[in-house]
2 protein chains.
Amino acid sequence: MKISGKAYRTLWLGEDGWSIDIIDQTRLPHEFEILKLRSVGDAVRAISAMQVRGAPLIGVTAAYGMALAMHEDQSDASLDAAYGALLSARPTAMNLRWALDEMRTRLAPLEVGERATAAYARAGKIADEDVEICRRIGANGLPLIEEIAARKNGAAVNVLTHCNAGWLATVDWGTATAPIYMAHDKGIPVHVWVDETRPRNQGAALTAFELGQHGVPHTIITDNAGGHLMRRGEVDLCIVGTDRTTAAGDVCNKIGTYLKALAAHDNGVPFYVALPGPTIDWTIDDGDDIPIEERDGDEVSHVSGRTAAGNIESVQITAPGSPVANYAFDVTPARLVTGLITERGICDASKLALAALYPEESA
Amino acid sequence: MKISGKAYRTLWLGEDGWSIDIIDQTRLPHEFEILKLRSVGDAVRAISAMQVRGAPLIGVTAAYGMALAMHEDQSDASLDAAYGALLSARPTAMNLRWALDEMRTRLAPLEVGERATAAYARAGKIADEDVEICRRIGANGLPLIEEIAARKNGAAVNVLTHCNAGWLATVDWGTATAPIYMAHDKGIPVHVWVDETRPRNQGAALTAFELGQHGVPHTIITDNAGGHLMRRGEVDLCIVGTDRTTAAGDVCNKIGTYLKALAAHDNGVPFYVALPGPTIDWTIDDGDDIPIEERDGDEVSHVSGRTAAGNIESVQITAPGSPVANYAFDVTPARLVTGLITERGICDASKLALAALYPEESA
């Protein structure tokens with residue numbers, strides 16, 4: 001999507017044909033900086049320091065990390081070392097392991113001299129596949145917005161989203177944002193309510209940034225405000241992303257998603273979840289079986305931002321010693337989800353509907 | 001209640017016998033600072049800048065604001081000007097208008113020379129009445145906690161609260177916190193989940209501060225987390241305050257309250273609202289008729305806290321120019337409220353039950 005009028009992906013092959021350029025997301029929304037990765041070590045650091053984040057983008061960065069390793073040294077030892085180093089960069093990210101397994105499976109059987117070229121080719125294909133999945137999610141979700149727009153006689157369609165399921169979390173388009181970008185690019189008036197998404201403020205920092213750069217009208221609100229807006233008829237549609245969806249359609253997503261789903265249900269607002277097929281966990285039905293990560297309390301007690309003097313600084317908002325808990329995700333039961341927007345189409349959040357859409361997975 | 005072992009109210013008559021001392025709540029939890037109000041203008045500023053906040057405390061401050069006006073000039077013009085200035089300091093608070101009407105009704109018929117003395121006397125009585133109201137709310141709500149404690153065999157009763165309906169929002173005891181303080185003081189194990197309450201963080205900054213100072217176990221969570229905790233059975237009871245409750249039991253309170261009420265309802269967690277009778281608006285049935293204050297977007301885009309160097313600083317968490325909206329309150333419909341804890345007892349959130357409890361008001 002666009003930044004200052006220029007089209008970007010979140011990562012791309014450098015002009016030298018082998019290094020990888022990324023957008024340093026730790027500087028957003030305050031500074032737009034491009035960072036060059038020249039080694040597998042650079043890729044590990046980019047993932048672990050969250051200069052790249054979002055499950056799909058982490059996977060693609062890891063794939064290119066393997067390519068960078070092969071660029072330097074195509075030996076078995078180099079392949080194994082790169083795999084191990086990248087896997088440990090973010091211990092819990094599922095796409096990371098998937099992308100690394102995919103790369104190793106492709107590269108290991110090859111002659112040593114053929115691995116670098118094959119690695120760049122496969123990493124590039126993984127990136128392109130991610131873009132295509134997101135594009136299809138967008139195309140499948142677009143009619144939801146178009147239908148509402150047709151009823152609103154030119155008034156903007158108000159979409160509420162939570163966290164960043166935007167293009168910055170993927171290679172391009174995003175998941176929850178893909179239908180929004182497509183509607184906007186088609187000239188349909190759209191306005192997005194952006195939950196700030198405490199504690200890490202991915203909505204205020206990332207979603208608002210990317211929507212603003214692409215020219216999509218939006219407004220940042222506190223996570224507390226969505227219920228009020230829905231009661232007042234100010235939300236036509238909710239679209240969120242997901243980190244993991246069960247085979248029965250329970251949705252694990254950033255903490256607070258469940259509360260918005262409840263409010264949507266209470267007010268008759270359609271609540272959709274946009275997801276790539278690979279984020280469905282076919283081994284679990286009940287969302288309560290998904291372990292919920294508890295993160296460092298400092299993310300709640302401290303907030304990072306730009307001071308009046310222009311420095312990025314962290315301030316403590318709690319009294320020293322105040323106990324803090326930091327649950328990173330919650331589960332929205334399938335009964336509160338109007339539908340799942342996938343790269344294969346929209347379906348009910350149910351075991352039957354998901355199985356029909358992904359027969360090869362649910363067999 | 002206590003701060004560093006010493007008993008305080010949130011405001012009191014200065015040693016000079018006419019000025020008013022308040023705790024500057026905008027400095028909490030980082031600094032404990034006492035501020036002196038010497039004029040009605042000081043009182044207006046204290047209310048509008050939220051150096052005092054919370055419906056009951058706003059009412060008492062406004063009453064003393066009238067007294068400060070009379071201290072300076074006891075004329076009809078001064079009385080009217082003070083009434084108008086104080087009334088416009090915060091648009092939503094029910095107690096503000098109640099206290100101002102009460103003061104004007106008392107003072108207007110008096111000889112001009114008698115108004116100052118009468119104003120201080122009446123303001124002092126309003127403050128004392130507020131303490132007594134909160135004490136009774138505590139006594140009436142205490143059995144709710146005792147009953148749960150009896151079922152839990154010594155395990156702590158987990159109470160979730162939103163915003164600050166603590167003693168800092170009143171003169172003493174608080175409303176939602178009064179039953180909690182009484183349970184704790186009786187030796188009943190209580191633990192409080194404290195919603196941080198964006199955008200102004202009154203939970204993280206004020207409720208956690210006052211609970212900590214009084215020794216009540218508590219944990220600060222993001223506003224996003226309460227639904228997850230209720231799904232996991234980690235909340236036994238919700239108690240919140242209210243800025244205005246309609247004659248039919250709809251509850252206007254800090255933005256985000258409605259979302260917690262939805263989660264409580266979805267999980268069978270009792271959801272109580274603690275309120276003094278004067279916060280009931282007998283002229284309105286439907287909560288949607290309550291105007292909702294929209295505050296400055298800077299409260300969302302900027303967060304204030306303590307830097308590593310120890311300074312209180314404000315940092316911007318959004319990109320410059322990102323549009324922001326800041327709704328201060330929402331309405332929780334009576335159907336989601338298990339009961340109202342008042343100074344006269346607990347009743348259903350319904351027109352009939354409220355009328356039975358306050359026959360003189362609803363006639």
Students often mix this up, so state it plainly: with edges at 30° and 60°, are the rings of A/Tyr327 and B/His228 parallel, tilted or perpendicular?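 Rings of A/Tyr327 and B/His228: tilted, as their planes differ by 30° to 60°.
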If I measure from the heavy atoms of chain B, does [X] come under 4.5 Å with its side chain, its backbone, both, or neither?
| X | answer |
| --- | --- |
| A/Ser314 | backbone |
| A/Ala325 | both |
| A/Glu313 | both |
| A/Ile312 | neither |
| A/His30 | side chain |
| A/Val331 | both |

Under a 4.5 Å heavy-atom cutoff, which of B/Val300, B/Val194, B/Asp330, B/Leu262 has the most pairs with chain A?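 Highest number of pairs under 4.5 Å: B/Leu262.
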Interatomic distance, [X] atom [atom1] to [Y] atom [atom2] [nearest 0.5 angstrom]:
| X | Y | atom1 | atom2 | result |
| --- | --- | --- | --- | --- |
| A/Arg231 | B/Thr332 | CZ | OG1 | 7.5 Å |
| B/Glu196 | A/Ile317 | CD | CD1 | 4.5 Å |
| B/Ile220 | A/Asn326 | CD1 | CG | 12.0 Å |
| A/Thr318 | B/Asn201 | OG1 | CG | 9.5 Å |

Taking atom NE2 of A/His265 as the centre, report whether more than 12 heavy atoms of other residues, nucleotides or ligands fall under 6.0 Å from it.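 Not buried by this count: 12 neighbours or fewer within 6.0 Å.
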Mind running side chain to side chain contact (heavy atoms under 4.5 Å, CB included) on A/Thr222 and B/Glu299 for me, showing each step along the way? CA-CA 10 Å; A/Thr222 63; B/Glu299 290 184 353; over 6 Å; no
Nearest heavy atoms of B/His218 and A/Ser322, plus distance in Å: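 So the minimum-distance heavy-atom pair works out to NE2-OG, 4.2 Å.
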Most heavy-atom pairs under 4.5 angstrom with chain B, which of [options]?
| options | value |
| --- | --- |
| A/Leu229, A/Asp195, A/Leu28 | A/Leu229 |
| A/Ala263, A/Ala208, A/Gly321 | A/Ala263 |
| A/Thr257, A/Thr197, A/Asp288 | A/Asp288 |

Under 4.5 Å heavy-atom distance to chain A, tell me which part of B/Ser304 shows up: side chain, backbone, both or neither.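 Backbone only.
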Any salt bridge linking A/Arg198 with B/Asp223? Criterion: basic side-chain nitrogen under 4.0 Å from a carboxylate oxygen.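 Looking at A/Arg198 and B/Asp223, the cut-off is not met.
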Criterion side chain to side chain contact (heavy atoms under 4.5 Å, CB included) on B/Ile292 and A/Arg232, from CA distance to verdict: CA-CA 11 Å; B/Ile292 299 297; A/Arg232 295 280 161 120; 3.5 Å; yes
Quick one, A/Asn224 and B/Lys254 - any side-chain contact, counting heavy atoms below 4.5 Å?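 SC-SC contact between A/Asn224 and B/Lys254 ruled out.
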Can a side-chain donor-acceptor contact be found between B/Asp266 and A/Tyr258 if the only test is distance below 3.5 angstrom?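 Side chains of A/Tyr258 and B/Asp266: pair found under 3.5 Å.
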